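Following: one structure in structure tokens, then a few remarks.
Side-chain atoms are counted along with the backbone in the values below, which use heavy atoms only and exclude waters and symmetry mates. The model shown is predicted, which means the values in this text are computed figures rather than measured ones.
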Amino acid sequence: MEYIIEIKPEPILEVEIKDLFEINPHSQTDCEFVRIKNASTFEPLINLKVESDYSPTFKQSDVVNGIVIIGYGNRFSIFDLNKKEIKVNLLFDGYFGSFKVDNGEIFVATDSELINLNFQGIEKWKADNLGIDGVVISQITETEIMGSGEWDPPGGWESFALDRITGKKK
């Protein structure tokens, strides 16, 4: 992910992953842009180029308190809009699935694990071996994270509950 355009200190309307150009079918890397728009003028404030070694089955982006959170292909990144710097850039062996933000924490689901990060990109814990072809968060409470992992595709989902503080299975 790299910085492309100057950022203005204006309110953010939306953030979206947008395919702004034709990707070469012979390319080894897929890439798109995360486009962030101004709340009042609808003008783009910044475009962040995101790349992946794999075609992105799942992609997600959001802005929370000046932090851009991006999951794409086999990558997950956190970009600080105010400091104009990448806080974290994770590369997974498998694929990115989704993320949820709750009470100042980011929970990132991949094909087989769940990772808990703060907004600076510091990992609090990682729970692995939750599935082999997808991990889904269904609920986050003050004490636990509930979800399911797919063990026998298609459709072989098994539920799990993790301690929110430690990431250990309950």
Side-chain angles (χ1 to χ4, degrees), residues 1-18 29 31-39 44-54 56 58-131 134-147 149 160-170:
M1 182 170 76
E2 63 186 65
Y3 173 72
I4 297 178
I5 299 176
E6 187 68 25
I7 303 170
K8 301 174 188 172
E10 300 174 17
I12 294 166
L13 169 71
E14 64 182 38
V15 58
E16 62 182 342
I17 295 180
K18 193 78 172 164
T29 303
C31 87
E32 297 180 50
F33 285 104
V34 175
R35 183 170 63 187
I36 302 166
K37 297 179 186 176
N38 175 280
L45 297 179
I46 185 173
N47 285 325
L48 299 173
K49 183 179 178 183
V50 292
E51 296 181 324
S52 174
D53 298 330
Y54 306 111
F58 303 104
K59 52 189 175 181
Q60 182 181 353
S61 58
D62 200 1
V63 176
V64 180
N65 300 326
I67 302 294
V68 181
I69 306 165
I70 304 165
Y72 183 84
N74 66 333
R75 297 180 185 269
F76 177 82
S77 300
I78 299 174
F79 182 84
D80 187 319
L81 284 172
N82 298 319
K83 294 182 179 177
K84 303 176 189 173
E85 67 183 12
I86 297 170
K87 291 293 192 183
V88 71
N89 193 14
L90 302 177
L91 180 64
F92 306 122
D93 290 333
Y95 61 82
F96 163 80
S98 67
F99 67 81
K100 290 193 183 229
V101 176
D102 186 76
N103 212 18
E105 297 178 291
I106 305 167
F107 298 92
V108 182
T110 72
D111 59 330
S112 63
E113 60 195 6
L114 189 62
I115 304 165
N116 181 353
L117 305 167
N118 65 20
F119 282 105
Q120 287 71 47
I122 297 169
E123 183 178 304
K124 296 173 119 184
W125 52 258
K126 182 190 297 186
D128 54 6
N129 209 23
L130 297 175
V135 172
V136 176
I137 301 168
S138 57
Q139 185 178 9
I140 300 173
T141 70
E142 289 184 20
T143 59
E144 64 185 5
I145 296 110
M146 287 144 295
F160 63 79
L162 304 176
D163 181 277
R164 180 174 178 144
I165 305 299
T166 65
K168 304 259 187 233
K169 285 187 180 180
K170 288 189 163 191

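- Here the closest heavy-atom approach between residue Ala161 and residue Glu144 is recorded as CB-OE1, 4.0 Å.
- The shortest distance between side-chain heavy atoms of Asp53 and Arg75 falls below 4.5 Å.
- Smallest separation of non-hydrogen atoms from Val135 and Ala109: O-CB, 3.3 Å.
- From Ile137, atom CD1 reaches atom CG of Leu114 across 4.5 Å, with rounding to the nearest 0.5 Å.
- Applying the salt bridge (Lys or Arg N to Asp or Glu O under 4.0 Å) test to Lys169 and every residue at least two apart in sequence or in another chain returns nothing.
- Nearest heavy-atom pair, Leu130 versus Phe160, reported as atom, atom and distance to 0.1 Å: CD1-CZ, 4.0 Å.
- Here the OG1-CG distance, from Thr143 to Leu162, works out to 11.5 Å after rounding to the nearest 0.5 Å.
- Separating the OG atom in Ser77 from the CG atom in Asn89 is a distance of 3.5 Å, to the nearest 0.5 Å.
- One distance of note links CG of Asn65 with CG of Leu81; it measures 11.0 Å at 0.5 Å rounding.
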Inset, instruction - Check the pair Ile106 / Ile67 against side-chain contact (heavy atoms from CB on, under 4.5 Å), numbers first and verdict last. - result: CA-CA 11 Å; Ile106 305 167; Ile67 302 294; 5.6 Å; no
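- Considering only residues two or more places apart in sequence or on other chains, Lys87 meets the side chain to side chain donor-acceptor pair (under 3.5 Å) condition with Glu85.
- Considering CZ of Phe119 and CG of Asp80, their distance stands at 11.0 Å, rounded to 0.5 Å.
- Among residues two or more places apart in sequence or in another chain, the salt bridge (Lys or Arg N to Asp or Glu O under 4.0 Å) test is passed with Asp102 by Arg164.
- For the atom pair Leu90 CG and Ile70 CD1, the distance stands at 12.0 Å (nearest 0.5 Å).
- By the side chain to side chain donor-acceptor pair (under 3.5 Å) test, Lys126 is found to be paired with no residue, residues two or more places apart in sequence or in another chain being considered.
- Here the shortest heavy-atom pairing between Asn74 and Ser52 reads OD1-OG, 2.9 Å.
- Residue Phe96 is tested with Thr110, Val108, Leu91 for a side-chain contact (heavy atoms from CB on, under 4.5 Å); the sole match is Val108.
- Screening residues 111-123 for side chain to side chain donor-acceptor pair (under 3.5 Å) gives Glu105-Asn116 as the qualifying pairs, with residues at least two apart or on separate chains.
- Every residue two or more places apart in sequence or in another chain that forms a ring pair (Phe, Tyr, Trp, His ring centres under 6.0 Å) with Tyr95 is listed here: Phe58.
- Contact between Gly167 and Ala127 at its shortest, heavy atoms only, is O-CB, 3.5 Å.
- In this structure the side chain of Ile115 never reaches within 4.5 angstrom of the side chain of Phe99, judged on heavy atoms.
- Residue Lys83 qualifies as open at atom NZ: its count of foreign heavy atoms under 6.0 Å is 12 or below.
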